Structures are given as structure tokens and as C-alpha cells.
Amino acid sequence: MCARFTLTREEEELVETWRQRGIEVTFDFFSHKPRFNVAPTQVHPILLAEREAFAVQPARWGLVNSWAKDAKRASRQINARSETVAESRAYARSFKRRRCLIPADGWYEWSGPKNQRQPHWIHRADHEPFVFAGLYDVWYPEPERAAVTFTILTQDSTEALASIHSRMPVVLPPDRLEAWLDSGHEDQESVLALLELPPDDAFIAESVSTRVNSVKNDDPGLLLPEQQPRLDLG
């Protein structure tokens with residue numbers, strides 16, 4: 001599962017990092033600012049294929065199907081199970097023709113008893129940004145107004161992360177991005193084969209502030225360890 005994530009880099013740094021990997025990204029009409037607590041129903045950039053580059057498209061997290069009468073299911077469609085996505089009524093059409101990438105540099109998961117949940121920030125061991133595999137759809141709340149929405153694919157966690165949560169978002173390596181976005185690539189089995197687990201040591205988890213529990217908080221301090229109260233020993 002993935003219910004919160006981060007993209008803490010400045011726009012210029014993201015573009016340069018991807019360029020070094022041979023990926024051209026254009027932020028033509030969307031200005032990205034660092035985010036430390038992206039939450040469901042909020043707007044976030046997704047990447048789509050456009051000629052020789054990846055185009056940025058602002059989209060709302062929580063997929064609303066094109067045939068939906070309203071957006072009530074958006075909060076329940078923030079994640080799609082990769083194991084069943086190709087046959088799911090909610091996602092099969094997008095899986096076939098509307099695949100996207102969601103840029104990120106970490107996500108949050110919680111562990112521990114219900115009344116003492118500890119948040120963890122999970123990120124690459126080298127702290128580099130990456131992309132989730134996602135799907136998008138276009139819904140028209142009004143005849144002349146389009147709303148682009150997205151969901152993040154999930155899979156079973158790596159052994160290293162399973163003690164925190166049994167599921168994790170699907171992270172695509174750079175050499176599979178074009179194949180994932182290619183709408184002409186329709187063979188279900190070969191597309192699903194792109195969604196492999198990363199190496200067990202690729203991602204690490206760090207305990208962070210419980211301030212991340214509130215979607216109102218979105219600042220660098222969320223990534224710091226929880227400050228323990230000082231004891232007055234007299």
C-alpha cells in the first residue's frame with residue numbers, strides 16, 4: 001500500500017537527474033515545488049510519453065474512471081494491485097492504454113500498535129529520485145472541464161521492507177520507462193513482466209516524525225526522527 005509519499009527535490013534538480021539518465025522531461029505548464037507529504041486527492045505531477053520526451057501532466061491522486069458519475073471512489077482508488085490490475089473493471093482500460101509514471105523520492109508506511117503507530121520514510125539507499133508505475137484516467141465533472149486522476153500500482157514488499165508493511169508501490173527502473181508508457185505495447189503478459197521487485201537492498205526505511213500523520217504538515221521537519229521529551233531530573 002502507498003497512502004503518502006514525497007518528492008522533495010526542486011524542479012531543476014529533477015530535470016538534471018533524469019537527463020543524466022538519458023530521460024528528457026519538460027515542465028512546460030506545471031511548476032513543481034518540493035513536497036514532503038503528498039496525500040490522496042491532492043494534485044501531483046505525472047509523466048506521460050510525448051514524442052522524444054516525457055511530458056508533465058498535473059493530476060489528482062485517486063483514480064476516477066471516465067464513466068463515473070461522481071468522484072466518490074477516488075479515495076478508494078489511490079492504489080491498484082498489480083496482480084489483478086489487468087482484469088479489474090476499475091483499472092483494465094487504463095492498464096491497456098493509459099499507463100503513467102509518478103515521480104517520487106520516498107513514501108511513508110507505519111508500524112507498531114494501533115495507538116502508537118510509528119511512521120517510516122522509505123527511500124532509495126542512494127537517496128536518488130525514482131518513479132512509481134501508475135495508471136491515469138480522464139473524467140469530465142462538467143462537459144467542458146477535464147479532470148486527470150491517477151493511481152499507484154502496488155506489489156508484495158521486498159523481504160527487507162515486509163516487516164513494516166506487506167505491500168509496497170511498484171518502482172520502475174529507468175530502462176523500463178518507455179516500454180511502460182508505450183500505449184502500443186498491449187501484450188498483457190509482457191507489460192506485467194515489467195513490474196519486478198527491486199533488489200532487496202535498494203530501499204531503506206528510517207523512522208520519522210509523527211507530524212507526518214497530519215496532511216496539514218508538509219515541511220522538511222517531517223523527515224527528522226521524533227524528538228523525545230527531555231526529562232527534568234532536578
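All values derive from a computational prediction rather than experimental measurement.
Every residue two or more places apart in sequence or in another chain that forms a side-chain contact (heavy atoms from CB on, under 4.5 Å) with N79 is listed here: M1, C2, W61, I152, T154. Residues satisfying the side-chain hydrogen bond (donor to acceptor under 3.5 Å, both in side chains) test with D156, not counting sequence neighbours, are R167. Here D182 pairs with nothing under the side-chain hydrogen bond (donor to acceptor under 3.5 Å, both in side chains) rule; sequence neighbours left out. With sequence neighbours left out, Q118 forms a side-chain hydrogen bond (donor to acceptor under 3.5 Å, both in side chains) with no residue at all. Applying the salt bridge (Lys or Arg N to Asp or Glu O under 4.0 Å) criterion to E178, with sequence neighbours excluded, gives no partner residue. Q116 pairs by the side-chain hydrogen bond (donor to acceptor under 3.5 Å, both in side chains) definition with nothing, not counting sequence neighbours. With sequence neighbours left out, the side-chain contact (heavy atoms from CB on, under 4.5 Å) criterion links R211 to S209, N217, D219, L222. With sequence neighbours excluded, no residue satisfies side-chain contact (heavy atoms from CB on, under 4.5 Å) with S163. Not counting sequence neighbours, the partners of V208 by the side-chain contact (heavy atoms from CB on, under 4.5 Å) test are Y108, P119, W121.
In this structure, E13 and W18 have side chains that are not in contact, with every pair of non-hydrogen atoms separated by 4.5 Å or more.
At a threshold of 4.5 Å between side-chain heavy atoms, the hydrophobic network of Ile, Leu, Val, Met, Phe, Trp and Tyr places L14 and F150 in two separate groups.
Between E10 and K33 there is no salt bridge, since none of the side-chain N atoms of the basic residue sits less than 4.0 Å from a carboxylate O of the acidic one.
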Check residues 130-139 and write down every donor-acceptor pair under 3.5 Å in which the side-chain atom is one partner and the other belongs to a residue at least two apart or another chain.
residue : atom : partner : partner atom : Å
D137    : OD1  : R98     : NH1          : 2.6
D137    : OD2  : S66     : N            : 3.1
W139    : NE1  : A68     : O            : 2.8

Can you give each donor-acceptor pair under 3.5 Å made by side-chain atoms of residues 168-177, sequence neighbours left out, with the distance rounded to 0.1 Å?
residue : atom : partner : partner atom : Å
R176    : NH1  : A193    : O            : 3.4
R176    : NH1  : L194    : O            : 3.0
R176    : NH2  : E196    : OE1          : 3.4

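Counting non-hydrogen atoms of other residues, nucleotides and ligands closer than 6.0 Å to CD of E159 gives a total of 12 or fewer.
No hydrogens or angles considered: nothing links the side chains of S111 and H165 as a donor-acceptor pair under 3.5 Å. For the residue pair R35/Q42, the side-chain donor-acceptor check at 3.5 Å is satisfied.
Hydrophobic cluster membership of V215, counting Ile, Leu, Val, Met, Phe, Trp and Tyr whose side-chain heavy atoms lie under 4.5 Å apart directly or via other members: none, as it forms a cluster of its own.
In terms of heavy-atom proximity, N37 sits nearest to S214 at ND2-O, 3.1 Å.
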